[in-house]
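As structure tokens, the structure follows; a few thoughts come after it.
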Amino acid sequence: MNNIPFISIIISMIASIAMLLLGKKSKTALTLAKGVLLVVALLSLLLIPYFISTGGSITYMLGHYPAPWGNELRFGLLESLLAFVFCTVLLLAIIGGKNDIIEDVQSRKHNQYFALLMLLLLSLLALIYTNDIFTAYVFIEINTLASCGIVMVKESGETLRATIKYLFMSLMASGLFLISIALLYSVTGQLLIPSLFASITNLLASGTYRWPIVVACTLMTISLGVKSAMFPFHTWLPDAHGTATTSSSSILSGVVVKGYIILLIKIYYRVFGIENIRQMGVLQAVFWLGIAGMIFGSIFAIREKNLKRMVAYSSVAQIGYIYAGIGLGTYAGLAAALFHMIVHAYTKPLLFTSAGGLIAASKHSKLIANMTGAGRRNLPAGIGFLIGTLSMVGVPLFGGFASKVYLATSASETGYAFLIALALSSFLNAIYYLPVLFRIFARSDADEEYEKEEADFGYVMSISCFSIINILLGVGGIYIMHLLNQGVQIL
Amino acid sequence: MMLNLFHNYYEVAAVILFSIGLLTVLLQRNLIKKIIGLNIMDTSVFLFLAAKGYIAGRMSPIIKDGMTDASKYINPIPSGLVLTGIVVAVSVTAFSLSLTLRWYQQYKTLDLDGVVLKNVWRGEKYE
Amino acid sequence: MSGLSEEGKKDVKKFTDWVNANSEEIPPEIVYPPKHDDHHGHGHEHKEIVIPHEETLREKMAKREHIDENFQEEWQNVMQKANDDPSSPERWYRLASSIGGALIVLVLLITVANLPRFGSPDAPAMNEVARRYLESGLQETGAVNSVAGMILDYRAFDTLGESVVLFTATVTVIFLLQQKERNHNKEDIEAVDGNYKGIRSLPAKVIVAITFPFIILYGIYIVLNGHLSPGGGFSGGAIIGAGLVLNHLVFGQEFSEKFINVNKCKKLMAGGLFVYIALKTYSILTGANGINSHIPLGKAGSIFSGGLIFPLNICVGVVVACTVFSLYSLFTDWSS
Amino acid sequence: MTTVEILLLLFLIACAISVFFIKNLLNAVIVFMSYSTIMAVLWLSIESPDLAITEAAVGCGVTTLLFILTLKKINALKEEGGEEDERTF
């Protein structure tokens with residue numbers, strides 16, 4: 001049981017190397033990728049009941065040397081739940097985006113694409129499980145390279161541009177992360193998270209080296225904020241998410257961005273301690289940036305005429321919700337933010353996957369204006385988009401409603417700014433999502449011009465799985481919330 | 001406190017180099033220059049880390065004649081971290097250079113924004 | 001276009017109109033037929049090549065080149081105007097980033113002033129962690145070089161991640177720059193047009209012929225002595241790779257292919273990583289589950305010591321050498 | 001010793017600044033290469049021979065090799081257009 005996280009990382013590592021050697025056998029690579037994802041998801045699922053029954057967490061020694069000398073993994077209920085969510089999203093995203101992969105990626109390069117996906121998976125798992133801040137840096141770099149890799153696979157001009165933009169912003173952020181590690185190391189001499197926490201608490205209590213610690217915390221927030229598209233640093237996101245191939249967009253918005261947020265949460269709660277962060281004023285900044293993201297992300301989305309870019313801008317708003325939830329600084333707020341993260345991890349890939357279908361059904365035009373009736377021509381995509389939209393706007397019974405309710409209840413004690421922003425953002429969501437919805441289901445005169453799309457089994461399955469999970473989260477969210485509340489206590 | 005700045009001259013140089021690298025990435029339009037800027041940023045952080053491991057008057061962390069007395073050697077940890085960092089930096093450079101090549105092949109320019117018009121010219125829709 | 005002011009945008013608009021007036025749609029040279037359901041994974045692309053009438057094609061290419069020539073000049077004018085315009089967002093961006101850079105240097109300088117002194121023996125970084133690496137490192141890992149002991153034994157997971165970073169970069173570069181798979185038979189190589197023949201200069205050839213074995217030998221020495229002296233898998237591997245690159249540069253492709261080529265590199269690299277991962281998995285799993293790993297540490301200071309560090313350094317050396325050479329070949333072989 | 005180190009550090013900063021202003025890309029890359037070499041020397045002087053050797057082989061050797069290969073390819077692509085242009089654009 002203890003070995004599961006390490007073994008899942010190693011499995012995906014070996015799979016990615018094997019895929020490079022497969023040559024042209026892309027079907028084998030796809031099967032292998034699905035198999036690995038399924039195995040890792042099941043392994044993580046095994047951990048969940050174990051942690052529910054035992055509580056607490058496990059610290060896993062990587063090698064023969066104990067705490068401050070060797071590397072460590074640490075995992076509990078929260079980590080295993082998130083690993084399970086990430087694996088399932090990845091799995092459904094590749095199943096749903098298979099057609100677009102065939103179309104966008106040269107066939108001789110398919111196995112390299114899947115190798116990159118496996119590398120992405122292993123870096124995400126390592127980011128979730130790691131208990132060492134320098135290991136986190138190394139795997140952040142893997143994650144950056146692999147996620148830029150899956151953006152560029154389309155090899156068209158706009159994706160190259162988006163990739164370069166994304167790469168440079170991420171690498172600057174990595175530089176900031178590295179220098180903040182250097183600052184922390186030079187005042188504490190530790191790299192392992194628990195030892196860092198002890199050391200930092202002592203230093204802050206005695207008042208020595210306060211300034212370097214504050215600077216390190218700020219720089220880490222900025223760096224992970226850039227990587228996870230926190231509001232003023234989101235400029236790379238619409239390009240990267242809006243131009244990549246469907247499955248890449250789903251994966252980037254569904255899981256990659258979340259991996260960094262989870263790392264940031266770990267840093268806040270387990271390296272610095274949330275009370276110290278609040279005293280430094282960083283937490284308040286995160287809260288207000290989250291609020292600004294909620295509103296401005298939606299406003300940008302309203303102006304957008306391109307469907308995928310619109311959905312991408314809506315991610316900026318949703319990430320704003322998550323940061324505002326974190327910025328509340330309470331365990332309830334954190335649990336609600338994590339719940340919103342899980343809902344968003346299932347909803348945004350649903351929207352991207354169905355947007356891919358809608359675009360394919362309207363002669364590969366990405367402009368919303370050309371999509372009249374697309375939802376009728378490709379019914380699964382239309383229904384998927386409908387469910388995703390209803391969830392985003394916050395209609396009862398869907399995941400988005402539940403998460404907004406939890407966020408609102410967790411925020412009700414701390415002030416009205418959050419509630420007002422929540423209401424305003426939901427209203428703005430409705431403004432830009434509903435017209436699209438009406439348009440894609442409108443009756444179009446030119447329906448005969450389009451050839452009927454054959455429904456693909458994998459596509460339909462992916463859409464329906466995402467939708468069912470979304471509704472389940474909306475109906476049975478209280479149970480997940482219960483788990484999360486339990487999980488954040490031992491963070 | 002200001003005196004400390006003179007003592008920490010390695011770190012001061014590293015910090016200045018870091019901001020030069022950052023400004024090169026932000027202000028230069030040329031992709032190759034940007035990549036060099038990223039490399040300068042990374043190496044400056046490595047210089048910072050390596051300087052933090054140094055202790056005046058001690059030897060490099062290679063055990064001589066089985067003498068395992070920690071007060072004879074400098075701190076080995078920053079060296080290890082920087083070794084990892086150097087390899088990460090070179091991998092990142094290789095990736096970004098190959099991207100630059102593909103970009104140049106497609107648009108015959110090293111400027112990321114100069115391409116807006118080229119897109120128009122090639123008939124690709126671009127906003 | 002977002003970086004331009006209103007005036008700049010007008011200029012751009014004017015320019016785009018000019019470009020549009022001077023160009024026509026260039027007929028597609030390669031047409032992909034509509035995809036079939038069983039298209040996935042068979043490896044053969046149904047390419048249907050449509051060659052437009054030669055005369056028109058040439059005419060259009062000429063026009064395209066004409067635009068290409070004038071493009072840079074025009075564009076620079078437009079950008080210059082936009083930059084000089086005081087209300088241009090581009091200008092604001094530059095101002096803001098300069099201020100940001102100055103702010104960061106200021107903040108970091110204040111931080112540096114607050115840090116422990118350079119070279120002081122009682123800096124917080126020199127704590128029990130570093131002390132144990134130095135004091136018990138020889139006993140526990142068998143490595144004379146504490147840095148090697150630290151990165152390949154104490155904190156081996158980081159180093160595993162680092163090799164995976166290198167691997168990721170190689171995958172992405174292969175993705176971007178690899179041409180269609182070639183068979184590396186002799187006939188094929190000779191048949192490829194523009195096969196690199198090496199340099200003509202005889203003195204250079206003689207010098208490289210003499211030094212090449214020494215470079216490789218030196219690299220191997222550094223790899224094998226990674227646990228005893230400075231260096232290790234990464235630096236030694238880079239030196240070996242550089243030697244191979246030199247060999248290719250001077251003696252040309254045909255001679256170089258006798259030693260190594262991209263496909264062999266790929267396989268060697270994957271093999272090296274496999275062995276690396278296998279060894280490390282064994283040691284981590286035994287360590288984490290409290291089992292004695294039964295790895296002999298050897299006599300400190302001799303070449304066969306340091307337990308797993310010695311084979312790990314060899315694996316890393318192979319991986320890095322192959323990565324360097326395959327990056328080189330990918331960058332040189334690639335052509336539009 | 002300290003004077004030499006400070007001089008080398010100043011030289012590093014000068015290299016970094018000149019990379020920003022040099023128009024010719026090949027020159028910029030070569031200045032960057034000398035920057036890496038100085039960095040290796042500095043690391044040797046603060047008793048980190050491991051870093052020095054790695055920086056000399058990887059940072060100075062491999063990175064510069066990659067830069068120069070890229071520039072060579074870019075120039076080859078430029079010549080296809082028939083124009084020899086050393087401007088940074």
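Each chain gets a letter, A, B and so on, in the order the sequences are listed, and its residues count up from 1.
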Heavy-atom pairs under 4.5 Å with chain C: which of B:A56, B:S19, B:A94, B:P61 has the most? B:P61
Where on B:S98 is there a heavy atom nearer than 4.5 Å to chain C: the side chain, the backbone, both, or neither? both
What part of B:L99 lies closer than 4.5 angstrom to a heavy atom of chain C: side chain, backbone, both or neither? both
Shortest non-hydrogen contact from C:I239 toward C:I222: CD1-CD1, 3.7 Å
Under 4.5 Å, counting heavy-atom pairs only, tell me which of C:S146, C:G100, C:A238 racks up the most with chain B. C:S146
Counting only N and O atoms by type, is there a donor-acceptor contact under 3.5 Å from the side chain of C:N313 to the main-chain atoms of C:G233? yes
Which residues satisfy the side-chain hydrogen bond (donor to acceptor under 3.5 Å, both in side chains) test with B:S96, sequence neighbours excluded? none
Which atoms of C:L115 come close to chain B, meaning under 4.5 Å heavy atom to heavy atom: side chain ones, backbone ones, both, or neither? both
Given 3.5 Å as the limit, does a donor-acceptor pair link the side chain of B:R58 with the main chain of B:S71, or not? yes
Report which part of C:M126 has an atom under 4.5 Å of a heavy atom belonging to chain B: side chain, backbone, both, or neither. both
What residues of residues 38-51 of chain B sit under 4.5 Å from chain C when only non-hydrogen atoms are counted? B:F48, B:A51
Measure B:L26 against the heavy atoms of chain C and call it side chain, backbone, both or neither at under 4.5 Å. both
Is C:S97 in contact with chain B via its backbone, its side chain, both, or neither, using a 4.5 Å heavy-atom distance? both
Distance (rounded to the nearest 0.5 Å) between C:T159 OG1 and C:L152 CG: 5.5 Å
Once you measure the plane-to-plane angle for C:Y133 and C:Y154, does it fall in the parallel (<30°), tilted (30-60°) or perpendicular (>60°) bin? tilted
Evaluate the side-chain contact (heavy atoms from CB on, under 4.5 Å) criterion for residues B:R29 and B:K34: first the C-alpha distance (whole Å), next the side-chain angles of each, then the deciding distance (0.1 Å), finally the verdict. CA-CA 7 Å; B:R29 307 184 66 89; B:K34 278 184 189 243; 5.9 Å; no
Has the side chain of C:S120 got a donor or acceptor atom that lies under 3.5 Å from a matching backbone atom of C:P116? no
Atom group of B:Y10 that falls short of 4.5 Å from chain C, counting heavy atoms: side chain
Please check: side-chain N/O of C:S326 versus main-chain N/O of C:C265, any donor-acceptor pairing under 3.5 Å? no
Using non-hydrogen atoms and a 4.5 Å limit, figure out which bit of C:L327 sits close to chain B: side chain, backbone, both or neither. side chain
Sort out for me which of C:D158, C:I104, C:L166, C:I151 touches chain B most, counting heavy-atom pairs under 4.5 Å. C:L166
Which of the residues B:V92, B:V88, B:L22 is involved in the greatest number of heavy-atom pairs with chain C at under 4.5 angstrom? B:V88
With a 4.5 angstrom heavy-atom cut-off, is it the side chain or the backbone of C:L134 that approaches chain B, or both, or neither? both
Run the side-chain contact (heavy atoms from CB on, under 4.5 Å) test on C:Y328 and C:V324 for me, step by step, so that the C-alpha distance in whole Å, both residues' side-chain angles and the decisive distance to 0.1 Å come before the verdict. CA-CA 6 Å; C:Y328 166 77; C:V324 169; 5.6 Å; no
Mind listing the side-chain donor-acceptor pairs of residues 73-83 of chain B below 3.5 Å, one per line with the distance, residues two or more places apart or on another chain?
unit_1	atom_1	unit_2	atom_2	d
B:Y73	OH	B:K64	N	3.1
B:Y73	OH	B:M67	O	2.8
B:N75	OD1	B:I77	N	3.1
B:N75	ND2	A:Y185	OH	3.0
B:N75	ND2	C:A125	O	3.1

Within residues 169-176 of chain C, contacts to chain B at heavy-atom distances under 4.5 Å involve C:A169, C:T172, C:V173, C:L176
Is C:R94 reaching over with its side chain to a backbone N or O of B:L27, donor-acceptor style, under 3.5 angstrom? yes
Sidechain-backbone polar pair: C:N145 side chain, C:S229 backbone, donor-acceptor under 3.5 Å: yes
How close do C:I309 and C:H227 get, counting heavy atoms only, and between which atoms? CG2-CB, 3.8 Å
Search all heavy atoms of C:Y276 against all heavy atoms of C:V316 and return the closest pair with its distance. CE1-CG2, 3.4 Å
